[in-house]
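Working notes, structure below.
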Amino acid sequence: MQTEYRTRRKIEFADTDMAGIVHFTRFFIFMETAEHEFLRSLGTSVATEWNGNKIGWPRLSVSCQYLSPLRFEDEVDIHLWVSRKGTKSLTYQFHFTLQGEDIARGEVTTVCCITNPGEKLRAIPIPDFIADQISCPS
């Protein structure tokens, strides 16, 4: 079972603002990308089909605390871990570092939902084929 996932990202010019540092909004994209990679590592996706339904993971809350800037061509390490696994939701923590220096910390809480087109979103228990692969520290 997995609790954590690590990835690395090279900062692109498009990630930066006029001051030459990574724009604050890009950290939310970095967190989402790491989450997608984590789910793929489990053999699933942020958008998958199960029992004839489309499954997705809408956000309940997101936050990010910025500690130090990143710049064009920096290679940032992103550490994701599951800090809470509920029946229907997951909470991820993110730690961004550059050569061992703390850059940012983030959190995303997401809920497993049926996302069929033309239907109202509805939360469901995380399917066993996903939940059984995710451990969570006690």
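- Inter-residue side-chain proximity for M31 and E107 is flagged as unmet; no heavy-atom pair is nearer than 4.5 Å.
- Between the side chains of Q93 and S83, at least one donor N or O sits under 3.5 Å from an acceptor N or O.
- Distance alone, capped at 3.5 Å, places no donor-acceptor pair between the T44 side chain and the R40 backbone.
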T87 vs I126, test: side-chain contact (heavy atoms from CB on, under 4.5 Å). Steps then yes/no. CA-CA 6 Å; T87 304; I126 301 168; over 6 Å; no
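- Distance CD/E4 to NE2/H95: 12.5 Å, rounded to 0.5 Å.
- Following chains of ILVMFWY side-chain contacts shorter than 4.5 Å, one cannot reach F38 starting from V111, and the two form parts of different hydrophobic clusters.
- In summary, the side chains of R84 and S89 do present a donor paired with an acceptor at a separation below 3.5 Å, with no hydrogens or angles considered.
- A heavy-atom distance below 4.5 Å is found between the side chains of I124 and W50.
- Taking both residues in full, the closest heavy atoms of A34 and T7 are given as CB-CG2, 4.1 Å, listed atom of the first, atom of the second, then distance.
- If you take CG on L90 and NZ on K85, they are separated by 8.0 Å, rounding to the nearest 0.5 Å.
- For the pair D74 (side chain) and V76 (backbone), a donor-acceptor distance under 3.5 Å is absent.
- Residue D77 is tested with R8, R6, R9 for a salt bridge (Lys or Arg N to Asp or Glu O under 4.0 Å); the sole match is R8.
- Of the possible polar contacts, none joining the Y5 side chain to the H79 backbone as a donor-acceptor pair under 3.5 Å is found.
- The CH2 atom of W57 sits 9.0 Å away from the SG atom of C113 when rounded to the nearest 0.5 Å.
- Linking ILVMFWY residues whenever their side-chain heavy atoms come closer than 4.5 Å, directly or via other members, places F24 and V22 in the same cluster.
- At a threshold of 4.5 Å between non-hydrogen side-chain atoms, the residues T91 and V82 do not count as touching.
- Ring geometry, F96 versus F94: the interplanar angle falls under 30°, so the pair is classed parallel (tilted spans 30 to 60°).
- Here the shortest heavy-atom pairing between Y66 and C64 reads CE2-SG, 3.5 Å.
- Between the CG atom in N53 and the CG atom in N116 there is a gap of 4.5 Å [rounded to 0.5 Å].
- Two residues are said to be in side-chain contact when any heavy atoms from C-beta on lie closer than 4.5 Å; L98 and L70 meet this criterion.
- Without hydrogens or angle criteria, E49 side chain to K54 main chain gives no donor-acceptor distance under 3.5 Å.
- Checking T3 against S135 by side-chain atom types alone, a donor-acceptor pair falls below 3.5 Å.
- A salt bridge does not link E73 to R71: none of the charged nitrogens lies less than 4.0 Å from a carboxylate oxygen.
- Checking D15 against H23 by side-chain atom types alone, no donor-acceptor pair falls below 3.5 Å.
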side-chain contact (heavy atoms from CB on, under 4.5 Å) evaluation trace for I11 with T16: CA-CA 8 Å; I11 300 303; T16 63; 4.2 Å; yes
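- Annotation: side chain of T25 is not in contact with side chain of I29 (no heavy-atom distance under 4.5 Å).
- At distances below 3.5 Å, not a single donor-acceptor pair connects side-chain atoms of D128 with backbone N or O atoms of A131.
- Looking at residues two or more places apart in sequence or on another chain, you find a ring-ring contact (aromatic ring centres under 6.0 Å, His included) between F30 and F27.
- The distance from the OG1 atom of T33 to the CG atom of L80 is 11.5 Å, given to the nearest 0.5 Å.
- E119 places no side-chain N or O within donor-acceptor distance of the main-chain N or O of T115, the cut-off being under 3.5 Å.
- A single hydrophobic cluster is not seen to contain both L67 and F28; linkage of ILVMFWY side chains at heavy-atom distances under 4.5 Å, directly or through other members, places them apart.
- Rounding to the nearest 0.5 Å gives a distance of 8.0 Å between CG of N51 and CD1 of I114.
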Given side-chain contact (heavy atoms from CB on, under 4.5 Å), test E101 with S68 step by step and report yes or no. CA-CA 8 Å; E101 179 185 352; S68 188; 2.9 Å; yes
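- The side-chain heavy atoms of I55 and C112, taken from C-beta on, include a pair separated by under 4.5 Å.
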Could you check W81 against Y92 for side-chain contact (heavy atoms from CB on, under 4.5 Å), going step by step and ending with a plain yes or no? CA-CA 6 Å; W81 67 95; Y92 300 107; over 6 Å; no
